[in-house]
Structures are given as C-alpha cells and as structure tokens.
Amino acid sequence: MELKTKVAVIGAGHAGIEAALASARMGIDTVLFTTNLDAVGNMPCNPSIGGSAKGHLVFEIDALGGEMGYVADIATIQSRTLNLGKGAAVHSKRVQADRSEYKKQMKKTLEAEKNLRLVQAEIVDITTEEREGKQCVNGVITSLGEIWQTSRVIIATGTFLESQVFVGDKVLSAGPDGLMPAKGLSDNLRRLGLTLQRFKTGTPARVHRRSVVLSGLELQEGESEPVPYSVRTEKKAASEVNLATCHIVYTNKNTHEIILTNLERSAMYSGNITGEGPRYCPSIETKLVRFADKERHQLFVEPCGLDTDELYIQGFSTSMPTDIQYQMLKSLPGFENAEIMRYAYAIEYDCADPTEMYPTLEFKAVGGLYGAGQFNGTSGYEEAAAQGLVAGINAALAECGREPMILSRSSSYIGTLIDDLVTKGAKEPYRIMTSRSEYRLLLRQDNADLRLTEIGHEVGLISENRYTAFLDKKKMIEEEIKRLEKTVISPSERNNAFLRALGSAEITTGIKLSELLRRPELSYSALSEIDDDRPSLPSAVVRTAEIQVKYQGYIKRELSEVERQKKLENKKIPADIDYTKIVGLKQESAEKLSKIRPMSIGQASRISGVNPADISVLLIYLGK
C-alpha cells in the first residue's frame, strides 16, 4: 500500500490532539498516530484543567479555535476560580474533570473530524531528504514497517520517549499509567541532529474512596457562578456544574518523620534518577528538604470522576517504595485505613531542547519537523495543548504556502510560553505562571477572545457565525465603556446616601459613572442603584467592561510599554548573520546569539546572558 498524508502527528495526548485537529480543520489531510487508542486524551496525573495562569491558556486555546476548553466544560465535575481575593489579572479558572469522560469526548471528536485519520501505531523513524541545501521531512516509519509519506511531522510524544518509571529501587521500562514506552525514536532524532534532554516528573498514589473518612476533612466546594471555558458552551447553573466535592488535608509531624527517615529509599534521593524535575510541582520529599521549616503541607483530595472511586491526592507526589507510600498515607488524618489503588511513581523521559526551534515550533535543523508539549520540555496539560495548537496551525499554514502564525508576548500567555521556550530554553520542566508575563493586566482570562479570536478567524479555525457573535460582543463592550465614560451622576441626596452606605466619599458636583467605578469600594453591580439608564447586558460583557474601566490607568501604562517593545520586535535580524564577526560583541553573547538565531532585536534582548550593551552593538551593526 502507498500510504500518504500531508501532516503526521506523533502522540495523541493534549498536544497531539490540538495539533491534529487544527491541521485537519484547516483543510489539511492529517494522520494522528498513537501507541494506544484507549489512551487518547489521557490524564495520567490529576484530571484537572486550568489553575493559576493555566486557566488563561485554556481560554486562549478556545479563542484561537482549539478544543481543550470545550471538552473540559463537558467533563467538568467541579469548577472554581482561583485568586479572587487578588486583582483581575490573576483570576484563574480551574476545573476538576471526569477523567473517563474527557478521554471519551476527545476520542469521539477526533473520530468525527473528516480530514483526520486516527491510527494506532508506534512511529520509530522520521525520514528526510535534502531540499535546497537543507534536510526536510519526507516520511515516517512505524514499528510494523509501514512507511507513510508526509511533508510535515509534529512530535507530541509527551513523557513516553525512552521513559522509565521509578518506585523506590524498582526501575521499570514503561510510560505513564503502565503504558508502553516509545523506543527507538530518540536515536533517530539524535541522528537528525537534534539535542535531547532528560527530564523527570511524577504523580501521587490514588486511593479508594471507601477507605478514607472524608467527613473529618476540610471541605472545598465549587463556585456559585461558574463561567465556562468555551464560548461554544452554554452557561449552566452551579448545581449542574459542581457535581462532586473536593477536600483538603494537611501533612503533619509524623508524615514528615516517615519521609525524612526513609529519604534514601526515594528514587529521587538514591541516585537512580538523573533527569531534571519540575521546580513548581515537586515531590513531597523535595518539599520537605527544600522547605524544612514548614510544619505542614496542604494536600488536595480530589475525585478522578463520577463513575470511579479513585481519589487523587494532589501535592503528595513521591517515588518512595510501596511500603513507605502506605505509611505516608496512613499518617494523614482520615487516611488511617487508606487502600492504594495506583501507586505513586516518578517517570524519566527524553525531550527536546526548545531553543533549537523557531517561534513557529518548527526545528531549525529539519524543515517540516515540529515539536509540541512535554516533548518541548514543558509540564502540564494546558501548556501542551497550547503548543500543539500553535504547531498544528503553523504546519497547516506552511503546507498552504501561507505566512506563519507567531504570537507575541503582549498578545497572549501562549506567546509568552513559546517565546520563553525558544529564547531561554528549559533547564527543567517549564510551567506557565502569571509572573512570567510583563503584561499581566492585558492578558486576563476574561478578554482572551478580544485578543485572539481575530487571529483564529484569520487562520481558519473560527467559523463565520462565531466570528459575528464575537464582533457583536466586542461592540457591546465598547459601547458600554463609552456610556460609563459619558453618563454623569448628580450630587443628589439619594446618590450621596447610596455612597455613604458603601463607605464612599460623597460628591459635590456631577461625576461620571466611570470615575465612581474606579473607586475600590464600588463595583459595577453596586452602581446599579444609581445607574438608572443601565442596559441589560450579558455577564461576560459586563465583566470585561468593568475591568477595562476600573484599571484604565494601569492598562494604558502597559499598552505604552507594548508599543515601546514593538519597535524592538519590528527590528528584524537577518537569518544568515555571522555574530562572530561583529566587533564589540562579547564572545559568550556571540555564541548564544548564534545558537538561538533570534528573529528580532526584541527576542535577542531576552536571551539569557545577552546584556543591553550587546544589544547596542548589534543595533549599530545592523544600522551599518
């Protein structure tokens, strides 16, 4: 048989799914390969979507036309918004999802896509040919010997490349959740000239619900007004969304003593593991070593779904042997009779050096070869899905001969994530955080559609009907902001009595509604008492309009910084520049610039070790 496709995606995790769907929905014949069809969209760690900054990514994925947010809405069993006690920039949605339902819905979506084929096969080789002096992808080979001709390949292998699982002193050749590892492809990638790194991550044990006394634990309920991730999802009442409860438990002195006494039995501290672990999602052993002064650590007890009794103990990741895992769990209040259903483990795997990629996520050394997800050195389902979407879009655009989609740092957290990866690299599993962006107030989750829907429509992932609805929403927001800026409230006794009741200063002259709204103690909903001509608007419109008005001064400041930075981003650097011949440029800087090959002065300025003096020398050289 002659097997052909335009785009081949390796791996059907969160990155591979988004990549394949984006490519297929843009009209490109696409094949998605996975070693196990039953593991499509699997959540080997906690079945949750979102969280601090991660929720922003999910909203952005949806705004561009991706799938994660919509399926997460379907599979949600509890919804919460984090950081509500802080400013709007860091409000982040997080849902607990039904693990089985999420997988089921994603597989169903993939199977229904007309330009997409879903094939169970392990890819062991990527073949290339020389075109115009550069090696370029021309096919993939499966472990069964099938050869597929293709011009674009997206690697989204997650944590499966040459993966090893560690439980105490036991080392198994396995992938996550007991699945088979991917063997052989790593050697092929090295032959293609790619640099591979060795990273590590881990997951806690799962325990049976019947063995835990939940009644004595701190209850964590869902939010009263859940907002869906996707604009495609119809808003539901809290009772329809919050179908499960979560709980909080704390480690104690006994727990810490058990762990520290047996520290040398942990694979993390026995010397068995050599890969770099995640700084922001460490094992419980690492937490105790790193934060020795803390008397307790917070753990979250969360259900894996509605049709299972498995409970996930978030924050209790470990690579301890099984007997110690039992001792650790039984030391927790309510867990004295805990029954482990799945043991905790650490997993080590091969991944790429993302500095060898362009911001399109295409490898510089191999034309038509893209990377996405944990293969690129990141951690988390959301980071993976975001990269998969970008890789899939760019592979499809390249196949059509169109200009690539490169998202700026000021446009999105997706742009920030990818710029960090390709410019600074990943020395440990990378996790997105709001603190990684210099434009946090611009990149809120409530305005993700305002920032990215135009781009999603332009590349072909947002339908005309959805785009029209978006334009209507955008117009409503703009008109409401104008109304708030124009409407004047008089200093009447009724209005001043209202202000006094809320602890706000009285007014002696007419004042605009927008000025009142900027007072910290006043909100849009509260002002309805004196806003007699207020129109009836959707809650999403109100939310964004209120934030835009309330933080207007700060937003203007960030926008001016965006304009300043844009000048540096617009100063392009020739791809063939020889940095070693630039007089006045430090040798270290020349080496780093030669490796990263930044596309602009803005990107060059963000390379670690390249200082302002180097940028000045580079600007002078380019000016000549």
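Starting from 1, each residue takes its place in the sequence as its number. Keep in mind that this is a model prediction, so the values were computed, not measured. We use all heavy atoms of the structure for the numbers below, so side chains are in, but hydrogens, waters and symmetry mates are not.
For the 3.5 Å distance criterion, the side chains of Ser79 and Glu223 qualify, holding a donor opposite an acceptor. Neither side chain, Gln603 nor Arg597, offers a donor N or O lying under 3.5 Å from an acceptor on the other. Using a 3.5 Å distance cut-off with no hydrogens or angles, the side chains of Asp419 and Thr423 do pair a donor with an acceptor. Judged by distance alone, the side chains of Asn376 and Thr378 never bring a donor and an acceptor atom under 3.5 Å apart. Using modelled atom types and a 3.5 Å distance limit, the side chains of Gln374 and Ser379 yield no donor-acceptor pair. The closest side-chain donor-acceptor pair between Asn394 and Thr360, if any, does not fall under 3.5 angstrom. Remark: the Arg99 side chain and the Asn42 side chain contain an N/O donor-acceptor pair separated by less than 3.5 Å. Looking at Asp73 and Thr233, their side chains do bring a donor and an acceptor atom within 3.5 Å of each other. With no hydrogens or angles considered, a side-chain donor-acceptor pair links Asp62 and Ser230 at under 3.5 Å.
Shown here for Ala448 and Ala63, the closest heavy-atom pair between the two residues is O-CB, 3.5 Å. The nearest pair of heavy atoms linking Ala8 to Thr150 is N-OG1, 3.7 Å. Here the closest heavy-atom approach between residue Ala53 and residue Thr434 is recorded as CB-N, 3.4 Å. Nearest heavy atom pair, residue Ala156 against residue Ala15, reads CB-CB, 3.9 Å. Between His457 and Ile462, the closest heavy-atom pair is CD2-O, 3.3 Å. Between Gln565 and Ser605, the closest heavy-atom pair is NE2-OG, 4.2 Å.
Residue Lys474 holds its NZ atom at 9.5 Å from CD1 of Ile477, rounded to the nearest 0.5 Å. Taken to the nearest 0.5 Å, the SG atom of Cys351 stands 8.5 Å off from the CG atom of Leu161. Distance check, rounded to the nearest 0.5 Å: CG of Leu442 to CG of Asn447 gives 8.0 Å. Interatomic distance, Tyr579 OH to Tyr621 OH, rounded to the nearest 0.5 Å: 10.0 Å.
Ring geometry for His14 versus Tyr381: interplanar angle of 30 to 60°, hence tilted.
In this structure, Arg543 forms no cation-pi arrangement with Tyr524, as its terminal cationic atom is not both closer than 6.0 Å to the ring centre and no more than 45° off the ring axis. Geometrically, Arg436 engages Tyr430 in a cation-pi contact, judged by NZ or CZ lying under 6.0 Å from the ring centre and within 45° of the ring axis.
Between Ser514 and the choices Lys482, Arg483, Glu485, the side chain to side chain donor-acceptor pair (under 3.5 Å) rule is met once, by Glu485.
Environment of NZ in Lys364: crowded, with over 12 heavy atoms of neighbouring residues, nucleotides or ligands closer than 6.0 Å. The number of heavy atoms from other shown groups lying within 6.0 Å of NZ (Lys572) is above 12. Applying the 6.0 Å contact sphere to CD of Glu225 captures no more than 12 heavy atoms from other residues, nucleotides or ligands.
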Query raised in the report: What do the steps show when you test Ile481 against Lys486 for side chain to side chain contact (heavy atoms under 4.5 Å, CB included), and what is the final call?
Result: CA-CA 9 Å; Ile481 291 173; Lys486 288 181 180 179; over 6 Å; no

Requested in this report: Quick one: do Gln552 and Gln548 satisfy side-chain hydrogen bond (donor to acceptor under 3.5 Å, both in side chains)? Show the steps, please.
Outcome: CA-CA 6 Å; Gln552 184 189 62; Gln548 291 285 106; over 6 Å; no

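Glu356 contributes a side-chain N or O that, together with a main-chain N or O of Thr195, makes up a donor-acceptor pair within less than 3.5 Å.
Aromatic ring centroids of Tyr70 and Tyr229 lie 6.0 Å or more apart.
Residues that satisfy the salt bridge (charged side-chain N to carboxylate O under 4.0 Å, His left out) test with Arg117, not counting sequence neighbours, are Asp29. Listed by chain and residue number, Glu563 satisfy the salt bridge (charged side-chain N to carboxylate O under 4.0 Å, His left out) test with Lys566 (two or more places apart in sequence, or in another chain).
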